[in-house]
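Worksheet: one structure, shown below.
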Amino acid sequence: MPSRISIPGSIRKTEVVMIQKTFVTILTIPLLIGVLCAQAPKTQALLMALGANGKQMASYQWKQRTTVIRKGNPLEPMIDELRFDATGQLQRITLVKPEEKRMGPLRARKAAEVKDSIQQVMQLARRYASPQLLSDAIRKGEIWEGSHTLRVQARSVLLPIDEMTMQVNGSTYLATRIDFKTQYEGSPVAIAIDYQQLPGGPNIMTRMTVQIPKDNVIVNVESFDFVRLAGPISF
């Protein structure tokens, strides 16, 4: 008569737990696949809308007013004129530039350091707002659908610590606001971008706010004087 092998209770419990985990995994995989499949059409719609909007923007020129607020005190604004060239590159011409203030050597050196830091952060902010980076963020992000709106959330957009939240109009598939949380030289930076649809024209950035707590600086960028150029620009 064959001997009976007794299985310890702990092993039986382990097997039950493993079976339960496997069962949950089997049920979860189709759900994940369903979510990904559902997101795919939305992702394509967002990318197509972004591309078409970029082509519309190429026919416009506009101005931007950049105001630096340091320690609560706004400095004289800088005004640029922006337009796309024949190759599709955005060109920026400075129309109004703040006058350099006279100061002592120590203050001048500190002011130069802060100015350089602001310029570097603003270059970073413009990079985050570029169509190419936004396209990459949409591809790698998760899409959540609400009432007449969509929300795209993505991480590691440019840097590993990046977090992006994009609010999207559910009818046009174009952004109404984008928030980025990132860092510059190890210090936090927050970027908020608001968009508005021009009458009969593209969806364009109307305001960007960049917060640099390390330097106690806030930079406001406002877009205005939108003008449609005669004839489309092809590139």
Check whether any side-chain heavy atom of [X] lies under 4.5 Å from a side-chain heavy atom of [Y], and answer yes or no.
X    : Y    : answer
R151 : T149 : no
M166 : L134 : yes
D136 : R139 : yes
Y60  : I204 : no
F224 : I79  : yes
T165 : Q167 : yes
I69  : P74  : yes

Does one hydrophobic cluster hold both [X] and [Y], with members joined at side-chain heavy-atom distances below 4.5 Å?
X    : Y    : value
L82  : V227 : no
M57  : L90  : yes
L174 : L150 : no
I118 : M78  : no

Practice problem: Ignoring hydrogens and angles, tell me if any N or O in the side chain of N203 forms a donor-acceptor pair with the backbone of A175 under 3.5 Å. | Solution: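 Confirmed, N203 side chain pairs with A175 backbone.
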
Walk me through it: do D80 and T94 pass the test side-chain hydrogen bond (donor to acceptor under 3.5 Å, both in side chains)?
CA-CA 4 Å; D80 296 328; T94 300; 3.0 Å; yes

Report the distance from atom [atom1] of [X] to atom [atom2] of [Y], rounding to the nearest 0.5 Å.
X    : Y    : atom1 : atom2 : result
I138 : M164 : CD1   : CE    : 6.5 Å
K140 : R155 : NZ    : CZ    : 12.5 Å
I143 : K42  : CD1   : NZ    : 8.5 Å
Y195 : R207 : OH    : CZ    : 14.5 Å

Please evaluate residues V221 and M205 with respect to the criterion side-chain contact (heavy atoms from CB on, under 4.5 Å), reporting the C-alpha separation (whole Å), side-chain torsions for both, the decisive distance (0.1 Å), and the verdict. CA-CA 9 Å; V221 181; M205 183 194 85; 4.2 Å; yes

Which heavy atom of [X] sits nearest to which heavy atom of [Y], and what is that distance?
X    : Y    : result
Q183 : I161 : N-CD1, 3.6 Å
A192 : D179 : CB-OD1, 3.5 Å
F84  : G88  : CD2-O, 3.4 Å
A154 : G141 : CB-CA, 3.8 Å
A137 : V157 : CB-CG1, 4.1 Å
P131 : L50  : O-CD2, 3.7 Å

field: K63/D225 ion pair, N-O < 4.0 Å
entry: yes

Y184 and its side chain to side chain contact (heavy atoms under 4.5 Å, CB included) partner, picked from V121, L159, I212 =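 Result for side chain to side chain contact (heavy atoms under 4.5 Å, CB included) with Y184: V121.
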
- Item | Atom CZ of R228: over 12 foreign heavy atoms under 6.0 Å | no

More than 12 heavy atoms from other groups under 6.0 Å of NZ on K97: no

* In chain order, what residues pass the side chain to side chain contact (heavy atoms under 4.5 Å, CB included) check against I191, with sequence neighbours excluded? ->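 A125, Y128, F180, T182, V189, I193, M208, V210.
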
Hits for side chain to side chain contact (heavy atoms under 4.5 Å, CB included) against E76, two or more places apart or cross-chain, chain-then-number order -> P98

Using residues 213-220 as the side-chain source, report each donor-acceptor pair under 3.5 Å to any protein atom, sequence neighbours left out, with the distance given to one decimal.
| unit_1 | atom_1 | unit_2 | atom_2 | d |
| --- | --- | --- | --- | --- |
| D215 | OD2 | S117 | OG | 3.0 |
| N220 | OD1 | T209 | OG1 | 3.3 |

